[in-house]
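The structure under discussion appears below in the form of structure tokens.
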Amino acid sequence: MESVLAASPVIKVAALCGSLRQASFNRALLRSAAEICEKSVSGMKVEYVDVSPLPMLNTDLEVSGRFPVAVDAFRQKILQADSILFASPEYNYSVTAPLKNAIDWASRPPNVWADKAAAIVSAGGGFGGGRSQYHLRQIGVYLDLHFINKPEFFLNVFQPPLKFDDDGNLTDAETKERLKEVLLSLQAFTLRLQ
């Protein structure tokens, strides 16, 4: 009798960026996270989910209990994900409007964020987006999102050494290792919640 070993399921991570800018450092972090998972984090796949097609939240757009097509597609991506990776730049000490809009659309009943593991990374000047992360964690409490506590990941991109090349690729080895630690923590926490 042959024994059949069941393959471990792959954790599907929906990666959302709060910046719509094509050359965003935060978007570059998500690209790097996907590459790191592909190369050295077995059992985890990061998929970028674009928030730019979403209309601004307006419940008048919900007709007969149905969402606009772009909103429904976005909600399905979140629903199908096992966990969430946010790249949250800081605008005026908080999360960005595009990210908050995406969060609000996915929280419309039924809330598709509930009971998912999540992690946050951010890049910018000064505190590296830290204040946005704390606001995002507060939002997550109400949405029943469960954020990893550690490691925290704030990246000051303007402090030497250079973190990204001219094409927006993450090149700093130490930063890549820190990002990998976040992914491993998210993976472990996701498995615990399942």
Side-chain angles (χ1 to χ4, degrees), residues 10-54 70 73-91 95-103 105-106 113 116-130 132-133 136 140 145 147-148 150-190:
V10 173
I11 293 172
K12 294 179 283 186
V13 181
L16 282 69
C17 184
S19 174
L20 301 183
R21 199 170 63 85
Q22 286 300 314
S24 163
F25 293 121
N26 286 278
R27 186 180 308 237
L29 287 176
L30 295 180
R31 273 196 321 271
S32 295
E35 291 168 7
I36 289 167
C37 280
E38 198 173 296
K39 293 177 183 173
S40 62
V41 179
S42 177
M44 192 169 182
K45 181 171 177 51
V46 174
E47 179 187 354
Y48 176 71
V49 180
D50 190 4
V51 301
S52 67
L54 298 174
F74 173 74
R75 289 172 55 86
Q76 286 303 313
K77 290 279 189 184
I78 301 306
L79 189 61
Q80 293 166 2
D82 299 304
S83 56
I84 313 296
L85 177 61
F86 293 97
S88 183
E90 180 181 319
Y91 289 8
V95 297
T96 65
L99 184 55
K100 182 64 166 71
N101 186 55
I103 290 168
W105 270 122
W113 300 112
K116 294 193 184 294
I120 316 168
V121 296
S122 59
F127 190 22
S132 73
Q133 289 197 24
L136 187 50
L145 263 171
F147 286 99
I148 64 169
K150 291 181 181 150
E152 292 183 308
F153 185 101
F154 314 109
L155 181 63
N156 183 330
V157 296
F158 306 108
Q159 185 177 35
L162 289 176
K163 310 299 189 285
F164 298 92
D165 66 18
D166 291 338
D167 294 322
N169 299 306
L170 182 61
T171 56
D172 183 62
E174 181 182 331
T175 302
K176 284 183 180 182
E177 188 57 34
R178 288 178 50 222
L179 185 54
K180 182 178 177 181
E181 289 171 10
V182 169
L183 294 167
L184 290 170
S185 180
L186 178 60
Q187 182 181 42
F189 192 47
T190 302

Open item on the list: Quick check: closest heavy atoms across Ala14 and Ala81, and the distance to 0.1 Å?
Closed with: CB-CB, 3.7 Å

Task: Side-chain donor or acceptor of Asn156 paired with backbone N/O of Gly126 under 3.5 Å - done: yes

Open item on the list: Looking at Leu79, is its backbone amide N or carbonyl O close enough to the side chain of Lys116 to form a donor-acceptor pair, meaning the two atoms are under 3.5 Å apart?
Closed with: yes

Task: Minimum heavy-atom distance Val121-Leu179, with the two atoms named - done: CG1-CD1, 3.8 Å

Task: Criterion side chain to side chain contact (heavy atoms under 4.5 Å, CB included) on Gln22 and Arg27, from CA distance to verdict - done: CA-CA 8 Å; Gln22 286 300 314; Arg27 186 180 308 237; 4.0 Å; yes

Open item on the list: Please determine whether the number of non-hydrogen atoms from other residues, nucleotides or ligands lying under 6.0 Å from atom CG of Leu162 exceeds 12.
Closed with: no

Open item on the list: Nearest 0.5 Å, please: how far is CZ in Arg21 from OG in Ser52?
Closed with: 14.5 Å

TODO: Search all heavy atoms of Ser122 against all heavy atoms of Ser88 and return the closest pair with its distance.
DONE: CB-O, 3.0 Å

Task: Side chain to side chain, Leu85 and Leu30, heavy atoms closer than 4.5 Å - done: yes

TODO: Verify, without hydrogens or angle tests, whether Ser83 (side chain) and Ala118 (backbone) share a donor-acceptor contact under 3.5 angstrom.
DONE: no

Task: Between OG on residue Ser32 and NZ on residue Lys163, distance to nearest 0.5 Å - done: 13.5 Å

Open item on the list: Quick check: do Thr190 and Leu186 have side-chain heavy atoms less than 4.5 Å from each other?
Closed with: yes

Open item on the list: Would the distance check show the side chain of Lys45 and the main-chain N or O of Gly43 forming a donor-acceptor pair, the cut-off being under 3.5 Å?
Closed with: no

TODO: Considering non-hydrogen atoms only, spot the tightest contact between Arg178 and Glu152 and give its length.
DONE: NH2-O, 4.3 Å

- [ ] Measure across Val46 and Ala33 and return the closest heavy-atom pair with its distance rounded to 0.1 Å.
- [x] CG2-O, 4.2 Å

TODO: Apply the test side chain to side chain contact (heavy atoms under 4.5 Å, CB included) to residues Leu16 and Ile103: give CA-CA distance (whole Å), side-chain angles for both, the deciding distance (0.1 Å), then the verdict.
DONE: CA-CA 10 Å; Leu16 282 69; Ile103 290 168; 5.9 Å; no

Open item on the list: Is the shortest side-chain heavy-atom distance between Cys17 and Ser24 below 4.5 Å?
Closed with: yes

Task: Donor-acceptor contact below 3.5 Å, side chain Asp82 vs main chain Lys12 - done: yes

Task: Shortest non-hydrogen contact from Asp172 toward Pro161 - done: OD1-CG, 3.7 Å

Open item on the list: Treating Glu181 as the side-chain partner and Lys150 as the backbone partner, does any N or O pair qualify as donor plus acceptor under 3.5 Å?
Closed with: no

Open item on the list: Determine whether Val49 and Ile84 satisfy the following criterion, side chain to side chain contact (heavy atoms under 4.5 Å, CB included), listing intermediate values before the conclusion.
Closed with: CA-CA 10 Å; Val49 180; Ile84 313 296; over 6 Å; no

TODO: I would like to know whether Val51 and Asn101 meet side chain to side chain contact (heavy atoms under 4.5 Å, CB included); could you show each step before the answer?
DONE: CA-CA 8 Å; Val51 301; Asn101 186 55; over 6 Å; no

Open item on the list: Strictly distance-based, threshold 3.5 Å: is any side-chain N or O of Asp167 a donor or acceptor partner for the main-chain N or O of Asn169?
Closed with: no

Open item on the list: Which label fits Trp113 and Phe74: parallel for a plane angle under 30°, tilted from 30 to 60°, or perpendicular past 60°?
Closed with: perpendicular

TODO: Classify the ring geometry between Phe86 and Phe147 as parallel (under 30°), tilted (30 to 60°) or perpendicular (over 60°).
DONE: tilted

